[in-house]
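Letters go in sequence order (proteins before strands), and every chain restarts at 1.
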Amino acid sequence: MKSAVVVFPGSNCDRDAARALERMTGAAPAMVWHKDTELPQGTDLVVLPGGFSYGDYLRSGAMAARSPVVRAVAAHADRGGLVLGICNGFQVLTEARLLPGALTRNTGLRFVCREVPLAIANANTAFTRAYREARDTVIPVAHGDGRFVADESALDRLEGEGRVVFRYLNNPNGSARDIAGIVNDRGNVMGMMPHPERASDAALGRLGGAPVFQSLLEAA
Amino acid sequence: MKAIVTVGLKPGVLDVQGKAVAGALHELGFAGVQDARVGKRIEIQLEGDLDPATAEAQVREMCEKLLANTVIESYRVEIAR
């Protein structure tokens, strides 16, 4: 599988994501700069990593969503290519309208950084199949703007179409309907606030996010 | 020519910063505060001498494309001389 990680000014989980991808796929991903206008030929999977792209100026993910590389990511998604947005990457995907809804300030106004238990709401996606029979997992979150909002009809549609992939078992940020991760209607673009790359190596003491990368390896 | 853009969360969207501000105002003894909502003001300097309607159309396009996230925010544009 050929993967790529986008690096924005202010990304800070790009190398964590790259390491997780390399461990899982056996090949180092291409690191793609925000000013690049194309992804490497033959890219199967693009990861938009966590961090504070462009210092969260204007809105989290807003500036990054208008950067040249995101046009290439949108074209990749349009061709059916896989896209995973983690934390700030999820914010970028909603700002770019590749996913519905928006991520707003946590209800408690605090930056929340801790492990959270999650229900696997749909284990039949390209991003979650390796969870097999597992009903839940634990993955850390680290965000200030993680409260997912969308209008009621959009939320009903997401739930009705099985596009809610992860749900908080103990909602840390006030997200509508406990939503922690969603996929697009085609199932090839996922955004999630928790950080699977921080729970994908036994040396880190947690493996709850590893199946996300295993699933992608199987899917590509 | 200057445009002043005011962006804020739409009425139905919970504004947690506004809630905190209202709470702090209560703490300070302003008992009459019912609610507060926090928004942004963006001043844009435009070159040349556009007619106000053209300038407003341009700035509204800027709002749709970047300045506001219309999923959750609404905006208002004023053109000042």
Is the number of heavy atoms from other residues, nucleotides or ligands within 6.0 Å of [atom1] ([X]) greater than 12?
X: Arg76(B); atom1: CZ; answer: no
X: Glu27(B); atom1: CD; answer: no
X: Tyr57(A); atom1: OH; answer: no
X: Arg66(A); atom1: CZ; answer: yes
X: Glu38(A); atom1: CD; answer: no

Notebook entry, point to check: Which bit of Asp151(A) comes within less than 4.5 Å of chain B, counting heavy atoms only: side chain, backbone, both or neither?
Noted result: neither

Check: Relative to chain B, which segment of Thr104(A) carries a heavy atom at a distance below 4.5 Å: side chain, backbone, both, or neither?
Finding: side chain

Item checked: Per-residue contact mode, Lys65(B) against chain A (heavy atom under 4.5 angstrom) -> backbone

Notebook entry, point to check: Is chain A contacted by the side chain of Leu66(B), its backbone, both, or neither, given a heavy-atom distance below 4.5 Å?
Noted result: both

Under a 4.5 Å cut-off applied to non-hydrogen side-chain atoms, are [X] and [Y] in contact?
X: Leu14(B); Y: Val149(A); result: no
X: Arg97(A); Y: Val71(B); result: yes
X: Glu73(B); Y: Arg59(A); result: yes
X: Arg147(A); Y: Val16(B); result: yes

Next item on the list: Could you pull out all residues at least two apart from Gln17(B) that satisfy side chain to side chain contact (heavy atoms under 4.5 Å, CB included)?
Entry: Arg105(A), Leu109(A), Asp15(B), Val38(B)

